[in-house]
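Order of listing sets the numbers, starting from 1, for every ligand and every atom in it.
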Amino acid sequence: MAKNIVLIGFMGTGKTTIGNRLADKLKRTFVDMDREIETLTGMSIPDIFKTYGEIRFRSEEALMAGKLGSKSDLVISTGGGTVLLAENVSALKENGVLVCLDAQPADIYARVSRKKGSRPLLKKDISITDIEEFLKQREPFYACADIRVSTSNKNMAEVADEIMQNLRDKGWLD
Ligand code: S3P
């Protein structure tokens, strides 16, 4: 039974896209935590935030992290704020390797601008400077990663290959 590969990182760094690709290449099941929470609650993430607030979302997220942490052989993509809670980090590290995806603020800006409205924590007129500020606040939390890979100026296949190479070098992947 292999350790889960858990993708963490800021919104718009490509966690879902890369997670899908990695799962495909490694023939593993892919789990996107936000989609699982939506399925379980029957509500979209923006609706959970709007109706019950961020606290409720974070508690659903913590339940999900606890549940997935005890599984194996998965590729998991987390939400950008999952690692804000130390308990989530411990749960996901229990049987997982944490891979942080990084990206340049301008690339994050371009990616999140394409999906306006789907991320309740980002205001509609967000700027690159706002993203830089937000990244600075989040950086101490992303530092819990076992591996960090930048997704800027690379295609999906290159990022997936780089992650797999890193995991192999460290003995976490055959
Ligand atoms: C969040 C990131 C989102 C989602 C929620 C909160 C965050 O996921 O979990 O809107 O706190 O950074 P993505 O990173 O997939 O956008």
Any chance the side chains of Asp32 and Ser77 put a donor and an acceptor closer than 3.5 Å? yes

Can you tell me how far CG of Leu22 sits from CG of Leu74, rounded to the nearest 0.5 angstrom? 13.0 Å

Tell me which protein heavy atom sits closest to atom 2 (C) of ligand 1, plus the residue, atom name and distance to 0.1 Å. Gly80 N, 3.3 Å

Considering non-hydrogen atoms of the protein only, which is the closest contact for atom 10 (O) of ligand 1, and what is the distance? Pro120 CD, 3.5 Å

of all protein heavy atoms, closest to atom 11 (O) of ligand 1 is Arg58 NH2, 2.7 Å

Kindly confirm or rule out an N or O of Thr16 lying under 3.5 angstrom from an N or O of ligand 1. no

Among all protein non-hydrogen atoms, which one is nearest to atom 7 (C) of ligand 1, and what is the separation to 0.1 Å? Gly81 N, 3.3 Å

Arg21/Asp24 ion pair, N-O < 4.0 Å: no

Using heavy atoms and a threshold below 4.0 Å, how should the contact between Glu60 and ligand 1 be classified: side chain, backbone, both, or neither? neither

Contact partition for Leu121 relative to ligand 1, non-hydrogen atoms under 4.0 Å: side chain

Quick one: does ligand 1 sit under 4.0 Å from the side chain of Lys15, the backbone, both or neither, non-hydrogen atoms only? side chain

Quick test of your reading of the model: are Arg168 and Asp174 salt-bridged, counting only N-O distances below 4.0 Å? no

Indicate, with yes or no, if the rings of Phe57 and Tyr52 have centres closer together than 6.0 Å. no

Could you find the nearest protein heavy atom to atom 12 (O) of ligand 1 and give me its residue, atom name and distance? Arg138 NH1, 2.9 Å

If you define the side chain from C-beta out and look only at heavy atoms, does anything of Phe134 sit under 4.5 Å from Leu122? yes

Give the residue and atom name of whichever protein heavy atom lies nearest to atom 16 (O) of ligand 1, and the separation in Å to one decimal. Arg119 NE, 2.6 Å

Counting heavy atoms only, which of Ile8, Val83, Asp34, Ile48 is nearest atom 15 (O) of ligand 1? Asp34

State whether Asp73 and Arg28 are salt-bridged, where the test is any N-O pair (Lys NZ or Arg NE/NH1/NH2 against Asp/Glu carboxylate O) under 4.0 Å. no

Residue among Thr82, Thr78, Asn88 satisfying side-chain hydrogen bond (donor to acceptor under 3.5 Å, both in side chains) with Glu61: Thr82

